[in-house]
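What follows is a set of notes on a single structure, which appears directly below.
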Amino acid sequence: MPAASLEVSGLTAGYGPTRILEDVSFSIPAGRRVAVLGRNGVGKSTLFATIAGQTRRYGGRIALGGADLTELPGSGRALKGLGYVPQTRAIFKSLTVEENLLVGLKDRPRSGIQDAYDMFPRLFERRRNLGSQLSGGEQQILTTARSILGQPSVLLLDEPLEGLAPVICDELMAAFAALAATGAMTILMIEQRIQAALAFAEDVLILERGQIAWTGTPAQLESEPETVERLLGVAH
Amino acid sequence: MTDLAQSAPASMATTSSRLKRDALAIAIIIAVAAVGFFLFPNNLALLSRIVIMMLIVLSLDLVTGYGGIATLGQAAISGSGAYAAGIAAAHFGIVDPLAMLAVGAAGGALAGLVSSVIILRGHGLAQLVLSIAIVQLAHEAANKASAWTGGSDGLSGIAPSPVFGMFQFDLWARTTFFLAVALLIVVFFLLRLIMRSPFGMLCRAIKEDPVRVRAIGAAVKPTLIKLYVLSGAVAGLGGALHAISTRVVGLDSVSFNLSAEALVMLVLGGTGNLFGAMIGTLVFVWFEDLVSSINPFHWLTMVGVLLVAVVFFAPRGLTGAAEDIYRRLRRDREAGK
Amino acid sequence: MNPVFAVEHLEKHFGGLRVTQDVSLAMGQGDRIALIGPNGAGKTTFVNLVTGQIKPDGGRVLLGGVDVTRLSATQRVRKGLVRTFQVTRLFSEMTPEEHVALALVQREGKSGRLFGTYADMPVVVSETRDILGTLGLLKVSQEKVREIAYGQRRLLEIALAMALRPKVLLLDEPAAGVPHSDTVLIENALAQLPPELAVLMIEHDMDFVFRFSQRVVVLAAGAIIFDGTPREVAADARVREAYLGSYADARSVA
Amino acid sequence: MQTVLSIGTDALAYGMVLFVICIGLSVTMGLMKVVNLAHGAFAMIGGYIASYATRDMGLPYGVAVMAAVVGTIIIAIPLERLLYRRIYGAPQLTQVLMTIGLTFAIIGIANFVFGPTLKTIPLPSELSGPVSIGFRTIAAHKLFVIACGVVVAGGLWFLIERTSFGVRLRASVDDAAMAGALGVRTAAIYAISFAVAVGLAAFGGVVGAELLPIEPYYAMRYMVTFLVVVSVGGAGSIPGALIASLLLGAIETTGRYLMPEMGEFFFYLAVIVIVCIFPRGLLGRAQ
Amino acid sequence: DTIKVGVIGPFSGPFALQGKNFQAGIQAYQALNGDSVGDHKVEIVYRDVPQADPAQSAALAQELVVKEGVQYLAGFYFTPDAMAAAPLLEQANVPMVIFNAATSAIVTKSPYVVRTSFTTWQTSAPMAKVAKAKGIEKVITVVSDYGPGVDAETAFKTTFEGEGGTVVETIRMPLSTNDFSPIMQRVKDSGAQAVFAFLPSGPTTLGFVKSYNENGLKDAGVTLLAPGDLTQESDLPALGDSALGLLTTFHYAVSHDSPENKAFVEAAGKAIGNPAELSFPAVGAFDGMHVIYKMIEATGGKQDAKAAVDAVKGLAWTSPRGPVEIDPETRHITQNIYLREVEKTADGTYINKEIQTFEKQGDPGLAAAK
Ligand SMILES: Nc1ncnc2c1ncn2[C@@H]1O[C@H](COP(=O)(O)OP(=O)(O)OP(=O)(O)O)[C@@H](O)[C@H]1O
Ligand SMILES: Nc1ncnc2c1ncn2[C@@H]1O[C@H](COP(=O)(O)OP(=O)(O)OP(=O)(O)O)[C@@H](O)[C@H]1O
Ligand SMILES: [Mg+2]
Ligand SMILES: [Mg+2]
């Protein structure tokens with residue numbers, strides 16, 4: 001599947017009776033690289049989870065490449081081309097690494113697994129380990145590789161670099177950039193390491209208390225240090 | 001440091017307020033018992049059976065609800081108490097009810113110790129199966145040792161003397177009922193104290209994560225064994241009372257069925273909650289008695305439907321559901337303000 | 001000076017994989033060491049071996065000169081060897097106050113008491129408050145742990161460790177999953193630890209590592225490949241290649 | 001020697017009966033993480049259907065087996081949608097409560113509808129006679145059961161360990177939300193697995209009816225045995241269940257031969273020993 | 001006025017069939033003899049104890065006496081249930097009529113206990129004589145390992161050895177045995193000419209008999225002898241051809257040829273719904289009701305347990321099973337024991353055909369216990 005656009009309009013959602021997101025709208029053209037930033041607890045993860053169909057939605061619509069996803073369950077959205085890597089390392093603990101990857105393949109033939117091994121040789125070495133027998137960082141790599149295998153047209157990455165060694169972070173960011181560059185997928189990424197995120201992204205979305213507070217390019221953001229200070233609150 | 005003073009934590013609240021709550025809880029038990037006594041004076045045998053069962057279910061709650069060990073073998077322990085008391089009376093002439101209770105409690109504690117050493121070796125389902133194996137072995141042993149236990153015919157010839165030499169066990173089961181309720185209150189009070197002691201807190205922690213408990217330097221197994229011995233003493237008391245009140249101890253008192261029933265009652269009422277254990281027992285035995293006297297032939301279906309319905313409407317057990325309702329009411333009231 | 005803590009020739013393999021290869025390390029009183037290394041290098045395994053969660057295939061662990069290799073995890077804790085977990089392991093139905101009180105009661109050897117409560121033990125009450133206060137956890141001390149924020153749980157992990165008055169403290173990625181803006185809280189907590197305590201910390205956040213440690217040990221593929229000051233580490237070519245990547249460049253530029 | 005071989009054959013046959021009946025339960029308990037105490041009830045329903053089909057409708061044995069499997073699945077589907085769906089992922093004890101309740105209800109209904117007597121499933125003549133296997137004669141149906149056990153074990157192992165269905169099922173149990181996010185239709189996977197487990201229960205109930213006869217109390221009578229076999233094997237493991245069935249079958253059979261009066265002791269002591277050596281069951285899946 | 005009779009039995013659960021037979025026997029009696037004695041209407045109150053459970057039995061007995069005000073307690077399928085209720089009788093001033101529980105000692109637990117069923121000793125001992133008469137010298141016994149099984153073993157062994165035979169081996173097997181092949185192997189290896197077996201009626205009998213055939217014992221000429229529990233009529237359709245020719249001794253066969261039995265079977269068959277489910281507990285209940293009616297008659301409806309029990313001591317009548325009498329000393333029923341053989345009738349049903357009668361058998365078990 002080639003990259004697709006993602007449109008979100010008037011999205012309001014939360015957990016149980018508590019609403020976290022209020023009237024969020026944005027639109028991303030196919031093949032873009034987007035960074036989603038914001039202080040902790042503003043609802044970044046909730047936004048991704050809502051797009052993936054895992055929270056309670058109160059209103060709004062979600063469309064992927066023009067197709068409406070709003071009423072579909074999580075699996076339906078995935079089959080329409082949405083990829084989602086949650087912040088919690090949601091590996092399947094009792095499956096081996098290889099089986100974890102198999103689940104990510106969707107309907108592709110088994111041989112497709114080789115893509116993941118090419119990208120992360122480490123996973124090939126560990127392919128018979130159970131998910132629960134991986135190190136923290138290996139789990140993180142596995143979740144990302146698993147979602148990429150499904151060749152989503154839009155990929156949502158929630159803090160993919162957490163717990164990774166700096167050198168692996170570099171490699172992973174390079175891999176994402178390459179995927180986006182070939183026009184294979186649209187990538188949205190939440191990341192705490194702002195520098196890394198800005199280096200990667202073409203567009204930036206900043207959330208504040210469940211709403212979109214700022215949009216623009218990385219260059220624009222660099223030129224507005226007071227926005228950075230106000231919305232991201234980073235001292236360094 | 002005013003901040004510290006202000007947030008005087010609630011759980012460090014005064015001992016007296018805790019005792020007040022205990023008194024209230026005990027008052028509730030006494031009130032329910034009194035209502036039962038005056039409303040159903042002709043049915044005290046049933047009520048006694050319920051109270052005795054409550055002791056066994058409470059003992060199960062200790063290991064399952066507080067210690068996190070699912071077991072289908074509790075009857076091995078309560079049954080040991082029953083046989084200990086029964087054998088003491090039938091073969092050794094120890095017929096004073098209080099002495100029989102003591103023997104039963106000791107027998108139960110011992111059985112708890114032995115079972116715990118075995119059961120704690122397994123994990124998850126395997127642990128459940130160990131408990132089943134224990135109760136089946138106990139059942140088989142009781143069947144084999146028929147010279148002592150009467151085997152499948154039951155151990156008869158138990159003739160307890162009057163309580164304190166004054167209160168004869170009567171046909172109306174009044175003495176049994178008073179004895180049972182008194183025992184329940186004592187046990188309940190002690191268990192409440194124990195469950196909020198450091199030991200109780202440690203047990204709750206082990207239930208959630210034994211690895212973490214080890215990482216703060218506490219020993220998991222000895223604590224659970226201790227819990228089991230405690231539970232065994234309570235179960236043994238229940239078993240002994242059972243022997244005293246029916247004067248016969250049958251193989252059913254060390255059966256898988258009894259263990260399973262106790263577990264069902266506990267889950268029905270809600271685990272990890274002393275009131276849950278008691279309410280579950282009350283509701284289950286009472287319901288069973290009711291439907292089985294209405295239709296002795298097909299009542300099992302009704303009990304089945306009750307259990308399914310409870311899971312459907314009160315998945316956390318009856319006390320869990322009560323808690324939810326209470327919380328919702330309180331939230332509504334606060335929202336109203 | 002006699003080391004408070006040492007491991008000698010530690011070995012461990014899972015099947016064919018040698019995750020710990022002849023690792024030796026010594027720590028003196030007051031040491032602040034960072035243990036870094038690529039993902040899957042065997043850092044968490046090292047902590048598990050040292051604290052007794054898993055058994056080594058060879059080598060010794062010494063605490064104050066005494067061999068503790070054969071002791072259980074529980075016994076090692078009682079001797080002052082304490083860890084925190086990479087993924088928090090707390091009792092979700094209990095409050096922070098109960099957590100700390102439990103650790104204190106345990107340390108005082110009173111966790112087997114059947115009667116009374118910790119609230120009746122003045123020492124426990126006051127020290128619980130002190131520790132929670134130090135870590136800024138007093139305002140949530142009565143909430144169930146499953147309802148408190150992630151960063152606060154990480155702090156509580158540290159609170160538990162502090163309550164045990166360790167001689168050696170092993171921290172496994174204390175800041176992982178904590179937003180950058182919140183690592184300050186953890187750093188403050190670490191700064192308040194008794195100075196004589198020996199601390200070893202695993203962490204991938206290099207800025208944090210460099211601020212915290214006097215000495216950095218690098219583990220790769222189960223073996224120690226480097227041991228030196230932060231400055232030396234940043235300059236070492238092997239460490240750059242195996243671990244730091246562009247971070248080293250960024251830092252040298254800065 | 002003669003005797004040893006003979007006992008060995010009996011042990012194999014008995015073990016296979018246990019395996020065929022228990023394997024469905026191993027799937028529900030180990031893979032779907034549902035402690036389904038009503039497993040025996042589904043086996044019993046299968047038995048009743050087969051008995052009715054052969055005795056009252058005069059259908060051939062093979063057809064009756066099919067009817068039992070399909071019929072039981074049809075009965076189970078609404079139960080899955082209405083009841084079981086609520087307890088996926090619930091605490092084990094809640095599952096125990098509901099499934100034991102369901103078992104009570106099914107026993108009551110079976111007793112009411114079919115009466116309390118035994119129901120047999122007449123075997124076709126090819127399966128009913130004794131067959132000589134050299135050193136002794138053995139009932140033909142026992143050989144049939146052994147064959148069934150081998151086929152079921154192989155087929156199921158392949159389905160779960162080697163097909164993408166099996167991988168998806170195990171993934172859904174580990175983390176349903178994440179499996180969904182990867183495009184796995186978890187509800188459908190669960191429903192199919194449940195149907196397979198129930199179908200296996202019915203199949204086991206029918207082919208095992210010679211040793212464990214069908215009557216209303218069947219659902220409770222053998223519950224403990226089933227639970228023990230599955231847990232000793234390690235829930236969710238096909239080879240584990242097979243080994244446990246054969247091992248426990250052998251222990252029970254030799255125990256009965258050597259010291260029948262100590263039969264139960266033998267069996268449960270063995271269970272305790274096995275679990276003490278393998279605290280999560282013989283081939284328990286890592287948690 | 002109404003006189004209530006409380007009946008405790010297994011009306012649900014694994015033994016529901018036996019409880020159903022209790023009910024059928026009672027209803028048959030009332031259908032044939034009316035539901036009143038004089039102007040006292042007799043009302044039955046049923047209480048369920050699904051499996052042996054003395055505590056529940058005692059509680060229900062107490063409830064029946066105190067709350068329901070019953071003047072008679074009856075039923076009791078299991079020995080421990082009867083034992084548990086017996087101590088209440090004197091204080092409650094209530095007689096107890098046992099419809100089934102078959103351990104000899106129960107009647108000694110209270111002077112107010114009367115039994116209209118049988119004891120395991122009573123039905124097992126004659127089989128030893130049968131074996132001897134057939135020229136069998138070496139027998140192996142196989143019994144379920146619980147009270148009645150042990151009783152059967154002892155009864156048979158004592159009598160058979162008294163007759164000069166040898167019991168080469170005694171096997172006790174757990175109640176929960178499902179696969180009997182290894183047991184049959186033992187029997188084969190023992191070299192005995194016959195096997196004496198006791199299993200409680202129910203599902204396991206099916207496996208036992210099939211195993212006996214499949215393991216080639218029948219073909220090898222090893223005779224299977226048993227008390228009638230093994231071939232309870234309600235199990236016969238399931239046992240089918242594999243039971244043909246089995247020899248059992250028992251106090252009652254549904255096929256017993258007498259006008260009393262015809263009437264009984266018709267009435268009880270109607271009461272139970274499916275006549276194929278009818279078996280021995282029904283006749284215990286039927287005769288038990290006869291005893292209770294006589295007691296009511298004798299006491300004129302007044303509650304007087306002693307008078308009631310005294311009135312039936314020595315009572316003799318013709319039961320569906322044949323002539324019977326309540327032994328004045330033991331209060332247990334003296335009756336004929338029949339040797340029966342399983343036969344297929346012309347219409348394809350299976351019956352226990354009586355082929356020999358041992359007349360006026362008392363309970364040898366009680367004597368043996370002394
Ligand atoms: N499962 C949940 N149930 C209830 N509330 C939740 C749940 N998950 C998150 N929240 C709340 O929703 C709010 C937004 O959380 P979210 O995880 O989306 O934040 P975030 O921006 O991703 O923060 P972080 O940078 O810490 O990951 C927080 O206040 C959090 O407490
Ligand atoms: N039980 C086990 N069986 C087999 N291999 C294991 C097991 N536990 C860990 N491993 C492997 O050992 C290696 C070391 O794991 P460890 O968790 O110690 O890494 P780590 O250095 O802490 O990495 P991270 O920084 O990613 O947390 C990993 O490659 C992991 O896959
Ligand atoms: Mg987040
Ligand atoms: Mg790690």
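Note that this is a predicted model, so its numbers are computed, not measured. Chain letters run A, B, ... following the sequence lines, proteins first and then strands; every chain starts at 1.
A heavy-atom distance below 4.5 Å is found between the side chains of D:R185 and A:L79.
Looking only at heavy-atom pairs under 4.5 Å with chain A, the residue among D:A179, D:A187, D:S172 that has the most is D:A179. Among D:A181, D:A171, D:S164, the residue making the largest number of heavy-atom pairs under 4.5 Å with chain A is D:A171.
Smallest separation of non-hydrogen atoms from D:R168 and A:K106: NH2-O, 3.0 Å. Considering all non-hydrogen atoms of both residues, D:D174 and A:K93 come closest at OD2-N, 2.6 Å. The minimum heavy-atom distance between A:A78 and D:G183, with the atom names listed, is CB-N, 3.3 Å.
A search for ring pair (Phe, Tyr, Trp, His ring centres under 6.0 Å) contacts involving D:Y222 returns D:Y218, not counting sequence neighbours.
Residue-environment remark: CZ (D:R81) stays at or below the threshold of 12 foreign heavy atoms within 6.0 Å. The neighbour count for D:Q92 CD, taken as heavy atoms of other residues, nucleotides or ligands under 6.0 Å away, does not exceed 12. Within a 6.0 Å radius of CZ in A:R110, no more than 12 heavy atoms belonging to other residues, nucleotides or ligands are found.
In this structure, CZ in A:R146 is found 5.0 Å from CG in D:L182, a value given to the nearest 0.5 Å.
Among the residues in residues 44-74 of chain A, those with a non-hydrogen atom closer than 4.5 angstrom to a non-hydrogen atom of chain D are A:Q54, A:G74.
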Show your working on side chain to side chain contact (heavy atoms under 4.5 Å, CB included) between D:V184 and A:S75 and close with a plain yes or no. CA-CA 6 Å; D:V184 177; A:S75 57; 5.8 Å; no
Does A:F92 form a side chain to side chain contact (heavy atoms under 4.5 Å, CB included) with D:M178? I'd like the steps, not just the answer. CA-CA 9 Å; A:F92 303 120; D:M178 190 61 226; 4.1 Å; yes
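Within the 4.5 angstrom heavy-atom criterion, no atom of A:L149 approaches chain D.
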